[in-house]
Amino acid sequence: MGSVLKRSEFSWEEYFSDKKKGGHRFSTEEFLTKEANEKLFHLNGGKTLLDFGCGAGELLIHYVPKYEKVIGSDFSRSMLFEAEKKILEQKYGNVDLILADDKTIWDELNLKFDRITATEVVQYFTPEQLEDFIHNASEYLNKDGKIVLFDIIDPKLYYLWKIGWFSHNFMSWNIFVRAYVGCVRRILAFLRNQPGDIIGNSHSPHLVGKIAHRNGFQMECVKSMYYEYRYHAILSKIA
Ligand SMILES: C[S@@+](CC[C@H](N)C(=O)[O-])C[C@H]1O[C@@H](n2cnc3c(N)ncnc32)[C@H](O)[C@@H]1O
């Protein structure tokens, strides 16, 4: 009897299970403060905040003093442990951390929010997961609340960035070298049972806008300030 070789499923949860940093471009306090300030500008107020996929709290820790109540959640124990250390260091009393994923988080919440945000998280969602996330999040939003999805990977810009389009010393022959390296990486990823690109999935602004609209939101799309190939989706309820 013939057998089919079935590769086991790659799991992002497992991938993040021992990670301790969010993978920002620079991990200096100066850069993270600038990045958090950009996010706070777009969050544009509110009193209660859910930071879904808060990771090691590198941005969360900057949000806490600006809100009355903050919930940070993540499915990685090691990430949440790092976030907790930062919160204890600052002696903040208005923040809770919850170990949960995009399906289980909703049953853990006992309040609604003015803002629900996620930074560099929806790249680990499939489009179906993203739709469910927006649908569920809308049930936990206060009136005039917003869902703000930061730093979504734009597929077109990402490939331009990968071939060096945004670099100062961009040279056309580089395209071939980079494309070749990209192919080799994809083959290695396949052999290691990892996704084609370890950065996760890209979602076009068009797709996110359509999902948002289907769930009763209008989307404002804003260019990310610190990542050339990412954008932010600011969703507010259609009146
Ligand atoms: C790139 S890190 C960003 C962390 C944080 N938002 C920041 O900007 O510093 C992505 C985080 O999302 C979390 N994550 C990814 N998919 C998730 C899911 N389905 N449920 C819960 N957390 C998730 C990971 O564990 C990780 O901590």
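Below, all heavy atoms of this structure are taken into account, side chains as well, without hydrogens, waters or symmetry copies. Just so you know, ligand 1 is whichever comes first in the structure, and atom 1 is the first atom listed for that ligand.
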Quick one: look up the protein heavy atom nearest atom 26 (C) of ligand 1 and list residue, atom name and how far away it is.
Asp74 OD2, 3.5 Å
Counting only N and O atoms by type, is there a donor-acceptor contact under 3.5 Å from the side chain of Asp154 to the main-chain atoms of Ser202?
no
Ligand 1 contact by Cys54, heavy-atom criterion under 4.0 angstrom
yes
Polar proximity ligand 1 side, His24 side, N/O cut 3.5 Å exclusive:
yes
Aromatic ring proximity, centroids under 6.0 angstrom, Tyr124 and Phe16:
yes
Out of curiosity, is Phe52 lining ligand 1, as in a heavy atom under 4.0 Å away?
yes
Does an N or O from Tyr124, backbone or side chain, lie closer than 3.5 Å to an N or O of ligand 1?
no
Any idea which atoms of ligand 1 are less than 4.0 Å away from a heavy-atom of Glu58?
9 (O)
Could you find the nearest protein heavy atom to atom 19 (N) of ligand 1 and give me its residue, atom name and distance?
Asp102 OD1, 2.8 Å
Counting both backbone and side chain atoms, is some N or O of Asp51 under 3.5 Å from an N or O of ligand 1?
no
Using modelled atom types and a 3.5 Å cut-off, is there a donor and acceptor pairing between side-chain atoms of Lys20 and backbone atoms of Glu82?
no
What are the atoms of ligand 1, with element, lying closer than 4.0 Å to any heavy atom of Ser76?
25 (O)
Answer whether the closest heavy-atom distance between the side chains of Val70 and Tyr92 falls below 4.5 Å.
no
Is any NZ, NE, NH1 or NH2 atom of the basic residue among Glu38 and Lys34 found under 4.0 Å from an Asp or Glu carboxylate oxygen of the other?
no
Asp74 side-chain N/O to Gly55 backbone N/O, donor-acceptor pair under 3.5 Å:
yes
Set of residues satisfying side-chain contact (heavy atoms from CB on, under 4.5 Å) with respect to Asp114, sequence neighbours excluded
Lys47, Thr48, Asn142
Determine whether any heavy atom of Ala100 lies closer than 4.0 Å to an atom of ligand 1.
yes
So if I count the atoms of ligand 1 from 1 in the order they appear, which ones are less than 4.0 Å from some heavy atom of Phe125?
19 (N)
Give the intermediate values and the outcome of side chain to side chain donor-acceptor pair (under 3.5 Å) for residues Asn215 and Glu131.
CA-CA 8 Å; Asn215 287 279; Glu131 175 117 31; 3.1 Å; yes
Where at least one partner belongs to residues 205-225, residue pairs that pass ring-ring contact (aromatic ring centres under 6.0 Å, His included), sequence neighbours excluded
none
Quick one: which ligand 1 atoms are inside 4.0 Å of a heavy atom on Glu120?
1 (C), 10 (C)
Looking at Ser17, Ala36, Gly22, the heavy atom closest to atom 2 (S) of ligand 1 belongs to Gly22
Using atom types as modelled and distance alone, determine if a side-chain donor or acceptor of Lys66 lies under 3.5 Å from a backbone N or O of His62.
no
If we only count N/O pairs under 3.5 Å, is Leu59 in contact with ligand 1?
no
Minimum non-hydrogen distance to atom 14 (N) of ligand 1, winning option of Trp12, Phe150, Phe75, Tyr15:
Phe75
With atoms numbered from 1 as shown, which atoms in ligand 1 lie under 4.0 angstrom from a non-hydrogen atom of Asp101?
20 (N), 21 (C)
Heavy-atom check, side chain of Lys86 versus side chain of Val64, under 4.5 Å:
no
Take the angle between the ring planes of Tyr158 and Trp161 and call it parallel below 30°, perpendicular above 60°, tilted in between.
parallel
Heavy-atom contacts with Gly53 under 4.0 Å: which atoms of ligand 1 show up? List them by number with element.
4 (C), 5 (C), 6 (N), 11 (C), 12 (O)
Numbering the atoms of ligand 1 from 1, which are under 4.0 Å from a heavy atom of Val121?
12 (O)
If we only count N/O pairs under 3.5 Å, is Thr119 in contact with ligand 1?
yes
